[in-house]
Number of protein chains: 2
Amino acid sequence: MAKIPRPGKPVRGSKSGVPIMALFDLLGRRWAMGVIWALCKNGPCTFRELQAHCESISPAVLNTRLKELRQAGLVDRKPGGYVAKADGYQLYELLAPLGAWSKGWAARLAKKSDRSSG
Amino acid sequence: MAKIPRPGKPVRGSKSGVPIMALFDLLGRRWAMGVIWALCKNGPCTFRELQAHCESISPAVLNTRLKELRQAGLVDRKPGGYVAKADGYQLYELLAPLGAWSKGWAARLAKKSDRSSG
DNA sequence: ATGGAATGCTATGTATTTAATAGCAACAAC
DNA sequence: GTTGTTGCTATTAAATACATAGCATTCCAT
């Protein structure tokens with residue numbers, strides 16, 4: 001399986017292991033942010049519920065992401081399903097503003113493509 | 001080349017094209033956030049300067065990310081180099097808190113691995 | 001205890017993405 | 001015309017993700 005990024009250790013693309021680079025390595029993987037998002041929005045979920053919330057993630061990838069997020073201390077597994085830990089929620093709260101911002105961004109992009117295509 | 005995610009259109013892993021999912025698709029690619037980070041921290045950069053700031057990104061990937069970020073309206077190319085556009089800076093400002101947070105996260109993880117490995 | 005249903009997850013084969021490296025075409029200075 | 005910088009492409013290999021099937025375990029009703 002993929003090497004799991006850890007701050008302080010060399011990370012993909014960074015010898016320094018600066019924390020933000022480790023974080024970007026962790027989050028810059030398919031579905032990583034989506035899983036945190038889904039987990040924090042919907043509360044504790046079973047594996048299959050989480051899979052449903054992510055619409056079309058494959059079990060292999062979900063499982064890999066969950067392992068990574070657990071090793072990163074963001075997610076925990078309890079009897080009954082997966083839960084975001086304190087750090088996971090904090091991260092979600094930092095990510096949350098992106099939700100609102102992305103709507104404006106989408107609108108601006110839509111306008112732009114109006115102009116360029118019609 | 002990879003399909004570029006656009007809000008409002010089906011995105012990898014999401015039929016709905018909800019803006020946040022499009023954004024996650026865009027940012028959930030290797031180096032995407034790192035490039036925005038580097039560009040906004042260091043100001044306008046030439047291709048090769050950007051490459052240097054990212055330590056070890058390959059030109060092919062950098063070029064791909066830059067194309068995507070330009071299409072997403074986050075980055076612009078001017079004579080003399082690449083610049084973050086307004087949306088790019090806004091996104092950077094939303095991402096910036098992750099920098100501080102990641103240090104605490106790193107510290108907590110380090111403690112945890114102390115406990116588990118020694 | 002047997003049948004079903006849900007659970008978490010692995011296995012497999014294929015496609016996509018990224019990496020690593022070399023190198024080209026355009027331009028500028030000398 | 002040589003040397004250096006620029007932005008970028010080509011190529012080949014490795015890593016990652018996808019899609020699908022399916023297994024082992026647990027639960028519950030019968």
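These values consider heavy atoms only, across backbone and side chains, with no hydrogens, waters or symmetry-generated copies. Naming convention: chains lettered A, B, ... in sequence-line order (proteins, then strands); numbering from 1 in each chain. All of these numbers come straight from a predicted model, not from anything done at the bench.
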Novice: May I ask you to list the residues of residues 74-87 of chain A, by number, that have any heavy atom positioned under 4.0 Å from an atom of DNA chain C?
Specialist: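 DNA chain C contact set from residues 74-87 of chain A: A:Arg77, A:Tyr82.
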Novice: Taking only side-chain nitrogens and oxygens of A:Arg65, does any of them come within less than 4.0 Å of OP1 or OP2 of D:dA17?
Specialist: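 True: A:Arg65 side-chain N/O within range (under 4.0 Å) of D:dA17 OP1/OP2.
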Novice: Specify the separation, in whole Å, of atom NZ of B:Lys67 and atom P of C:dT17.
Specialist: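 Answer to the nearest Å: 14 Å.
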Novice: For B:Arg30 and D:dT16, what is the distance between atoms CZ and P respectively, to the nearest whole Å?
Specialist: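 So the CZ-P distance, B:Arg30 to D:dT16, works out to 8 Å.
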Novice: Sugar-phosphate means primed atoms, P, OP1 and OP2; the rest is base. With that split, encode nucleotides 23-30 of chain C 5' to 3' as B, S or - using protein heavy atoms under 4.0 Å.
Specialist: --------
Novice: How many angstroms lie between CG in B:Leu50 and CG in B:Asn42, if you round to the nearest 0.5 Å?
Specialist: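 Separation between the atoms: 8.0 Å.
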Novice: Rounded off to whole Å, could you give me the CD1-to-P distance for the A:Ile57 and D:dA17 pair?
Specialist: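 After rounding, the gap between these two atoms is 10 Å.
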Novice: State, to 0.1 Å, how close B:Trp105 and A:Ala72 come at their nearest heavy-atom pair, and which atoms those are.
Specialist: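 Minimum heavy-atom separation between B:Trp105 and A:Ala72: NE1-O, 2.9 Å.
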Novice: Looking only at the side chain of A:Val61 (C-beta and beyond, no hydrogens), which of the listed nucleotides C:dT10, C:dA19, D:dA17 gets closest?
Specialist: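 Nucleotide nearest to A:Val61's side chain: D:dA17.
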Novice: Could you state the CG-P distance from B:Leu62 to C:dT17, rounded to the nearest angstrom?
Specialist: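 Roughly 18 Å, once rounded to whole Å.
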Novice: Rounded to the nearest 0.5 Å, how far apart are CG of B:Leu39 and CG of B:Leu69?
Specialist: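 CG of B:Leu69 is found 8.5 Å from CG of B:Leu39.
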Novice: Looking at every non-hydrogen atom in both residues, tell me the closest pair between A:Glu68 and A:Leu26 and how far apart they are.
Specialist: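 Nearest pair, atom of A:Glu68 first, then A:Leu26: CB-CD1, 4.0 Å.
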Novice: Let me check the geometry of the helix from C:dA1-D:dT30 to C:dC30-D:dG1. What is the bend angle between the axes at its two ends, five pairs each, to 10°?
Specialist: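 Axis-to-axis angle, ends of the helix: 20°.
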Novice: In whole Å, I'd like the distance from the CH2 atom of B:Trp31 to the C1' atom of C:dA19.
Specialist: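 Result: 12 Å.
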Novice: What's the closest nucleotide to the side chain of B:Asn63 if the choices are D:dA19, D:dT9, C:dT18?
Specialist: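 Closest nucleotide among those given: D:dT9.
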Novice: Could you give the distance from OG1 (A:Thr64) to CH2 (A:Trp31), rounded to the nearest 0.5 Å?
Specialist: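 Here the interatomic distance stands at 14.0 Å.
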Novice: What heavy-atom pair brings B:Cys54 and B:Ala38 nearest, and what distance separates the two atoms?
Specialist: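 Of all heavy-atom pairs spanning B:Cys54 and B:Ala38, the closest is SG-CB, 4.2 Å.
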Novice: When the distance from CD of A:Gln51 to P of D:dT20 is rounded to whole Å, what number comes out?
Specialist: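 Value for this atom pair: 12 Å.
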Novice: Within this structure, what is the CG-CD1 distance for the pair B:Leu94 and B:Ile36, rounded to the nearest 0.5 Å?
Specialist: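 These two atoms lie 10.5 Å from each other.
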Novice: Given atom CD of A:Glu55 and atom C1' of D:dA19, what is their separation to the nearest angstrom?
Specialist: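 Rounding to the nearest Å, CD of A:Glu55 and C1' of D:dA19 are 16 Å apart.
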Novice: Could you state the interatomic distance from CG (A:Leu66) to CZ (A:Arg77), rounded to the nearest 0.5 Å?
Specialist: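 Spacing of CG (A:Leu66) from CZ (A:Arg77) equals 9.5 Å.
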Novice: Do any side-chain nitrogens or oxygens of A:Arg29 fall under 4.0 Å of OP1 or OP2 in D:dA15?
Specialist: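 Checking D:dA15 against A:Arg29, no side-chain N or O comes under 4.0 Å of OP1 or OP2.
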Novice: Enumerate the salt bridge (Lys or Arg N to Asp or Glu O under 4.0 Å) contacts for residues 79-92 of chain B, please, sequence neighbours excluded, ordered by first and then second residue.
Specialist: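 Those involving residues 79-92 of chain B are A:Arg108-B:Asp87.
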Novice: Rounding to a whole Å, what distance do you find between A:Arg70:CZ and C:dG8:P?
Specialist: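 After rounding, the reported distance stands at 12 Å.
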Novice: What pairs of residues pass the ring pair (Phe, Tyr, Trp, His ring centres under 6.0 Å) test when at least one of them lies in residues 62-95 of chain B, not counting sequence neighbours?
Specialist: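 Pairs touching residues 62-95 of chain B that pass the test: B:Trp37-B:Tyr92.
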Novice: Name all pairs fulfilling the salt bridge (Lys or Arg N to Asp or Glu O under 4.0 Å) condition that reach into residues 41-54 of chain A, sequence neighbours left out, sorted by first residue then second.
Specialist: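 For residues 41-54 of chain A, and leaving out neighbouring residues, there are no salt bridge (Lys or Arg N to Asp or Glu O under 4.0 Å) pairs at all.
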Novice: Identify whether any heavy atom of B:Thr46 sits under 4.0 Å from a base atom; if not, whether one sits that close to sugar-phosphate; answer base, sugar-phosphate or nothing.
Specialist: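 Sugar-phosphate, no base atom in range.
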Novice: Just how far is it from atom CG of B:Leu27 to atom CE of A:Met33, taken to the nearest 0.5 Å?
Specialist: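 Taking CG in B:Leu27 and CE in A:Met33, the distance rounds to 5.0 Å.
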Novice: Looking at the side chain of B:Phe47, which of D:dG7, C:dA20, C:dG8 is the nearest nucleotide?
Specialist: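 Closest nucleotide among those given: D:dG7.
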